[in-house]
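A note on names: the letters A, B, ... follow the listed sequences, proteins ahead of strands, and every chain is numbered from 1. Scope of the values below: all heavy atoms of this structure, side chains included, with no hydrogens, waters or symmetry mates.
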Amino acid sequence: DGGITQSPKYLFRKEGQNVTLSCEQNLNHDAMYWYRQDPGQGLRLIYYSQIVNDFQKGDIAEGYSVSREKKESFPLTVTSAQKNPTAFYLCASSLRDTGVCTFGSGTRLTVV
Amino acid sequence: AQSVSQHNHHVILSEAASLELGCNYSYGGTVNLFWYVQYPGQHLQLLLKYFSGDPLVKGIKGFEAEFIKSKFSFNLRKPSVQWSDTAEYFCAVLRNSGNTPLVFGKGTRLSVIA
């Protein structure tokens, strides 16, 4: 079945450690996105990529980094510079410029 | 700042009541409009979308939304809600200026009680 796989589902890290969240899709979508979901804040865009080897910052990119070396994969690194990293992270993909996104099941990151 | 506004943070309805969730956006120019839904414990999924044509669009599970260009609005409606409609609903806008991602509202949590 085609879809997006995010792993792990739950992740615990100590403060000051970098952590990488995985996102893989087999939908042959060009565009991939990372959103952060906090209660009452909706979905806020962290980074997005419309094509391999290219990505753009979203509204809340500070403290995060991404790479897009393969069409299928768009990993997100939460660095120690992110002041409030505990959150639910959603990855999505779409055909370019359609807005019809397929979402993963999310990763809940807790930093202690 | 350009944005997407959802007026209600949490709506509580009894089964069979009618639903209307407000959504306004502040972008000029041509836009595509969406409602996404997140049922408890499930993936965010597309409920309905508007690209062009008839401003009244119908989606899954009896939902519909009306695009009113003059009001920059895209309100979601359902004549009679069911307990299974309990979920969080997100309005989203895609500007047709190219190479831009979806912008989401803050969401409205709907609780339907028996």
Side-chain angles (χ1 to χ4, degrees), chain A residues 1-7 9-10 23-25 27 29-51 54-61 66 68 74 76 87-108, chain B residues 1-11 21-25 27 29-52 57 59-60 65 67 74 87-109:
Chain A
D1 286 339
I4 293 190
T5 302
Q6 287 188 246
S7 60
K9 192 165 184 170
Y10 298 96
C23 178
E24 303 276 333
Q25 55 102 356
L27 299 164
H29 285 167
D30 287 310
M32 295 188 74
Y33 314 86
W34 274 105
Y35 290 92
R36 171 177 168 146
Q37 186 176 12
D38 297 283
Q41 296 290 322
L43 276 69
R44 293 182 291 168
L45 183 67
I46 304 172
Y47 269 97
Y48 65 104
S49 168
Q50 300 274 32
I51 197 166
D54 188 42
F55 48 82
Q56 285 78 41
K57 291 182 180 179
D59 300 317
I60 56 165
V66 292
R68 187 86 188 276
F74 191 42
L76 173 75
F88 188 57
Y89 292 89
L90 281 170
C91 180
S93 71
S94 74
L95 295 171
R96 283 188 69 171
D97 299 330
T98 65
V100 180
C101 288
T102 299
F103 282 85
S105 56
T107 293
R108 187 166 298 280
Chain B
Q2 296 180 323
S3 67
V4 180
S5 299
Q6 291 184 241
H7 312 301
N8 308 102
H9 181 59
H10 188 193
V11 172
L21 301 182
C23 174
N24 287 88
Y25 62 93
Y27 301 101
T30 307
V31 294
N32 293 344
L33 299 159
F34 307 81
W35 278 96
Y36 280 82
V37 60
Q38 190 174 35
Y39 297 103
Q42 293 189 27
H43 296 201
L44 206 68
Q45 59 186 281
L46 181 67
L47 194 57
L48 49 76
K49 62 184 186 290
Y50 172 79
F51 282 4
S52 64
V57 293
I60 59 173
F67 171 48
F74 190 56
E88 189 150 19
Y89 294 81
F90 295 92
C91 182
V93 174
L94 181 71
R95 290 177 292 162
N96 279 357
S97 55
N99 199 30
T100 58
L102 274 179
V103 177
F104 284 85
K106 292 189 175 183
T108 298
R109 187 155 62 98

Heavy-atom closest pair, residues [X] and [Y]:
X: A/Gly40; Y: B/His9; result: CA-CE1, 3.6 Å
X: B/Pro101; Y: A/Leu45; result: CG-CD2, 3.2 Å
X: A/Thr98; Y: B/Phe51; result: O-CZ, 3.2 Å

*More than 12 non-hydrogen atoms from neighbouring residues, nucleotides or ligands closer than 6.0 Å to CZ on B/Arg109, yes or no?*
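Incorrect, the count does not exceed 12.
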_Atom CD1 of A/Ile51: over 12 foreign heavy atoms under 6.0 Å_ =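 Open: at most 12 neighbouring heavy atoms sit under 6.0 Å from CD1 of A/Ile51.
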Structural part of [X] lying under 4.5 Å from a heavy atom of chain A:
X: B/Leu102; result: both
X: B/Glu88; result: side chain
X: B/Gln38; result: side chain

*Measure the CD-OG1 distance between B/Gln45 and A/Thr102 for me, rounded to the nearest 0.5 Å.*
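It is 10.5 Å, given to the nearest 0.5 Å.
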_OG on A/Ser94 to CG on B/Leu94, rounded to 0.5 Å_ =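 Separation between the atoms: 8.0 Å.
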*When you look at A/Cys101 and B/Tyr36, which way does the side chain to side chain contact (heavy atoms under 4.5 Å, CB included) test go after all the steps?*
CA-CA 9 Å; A/Cys101 288; B/Tyr36 280 82; 3.6 Å; yes
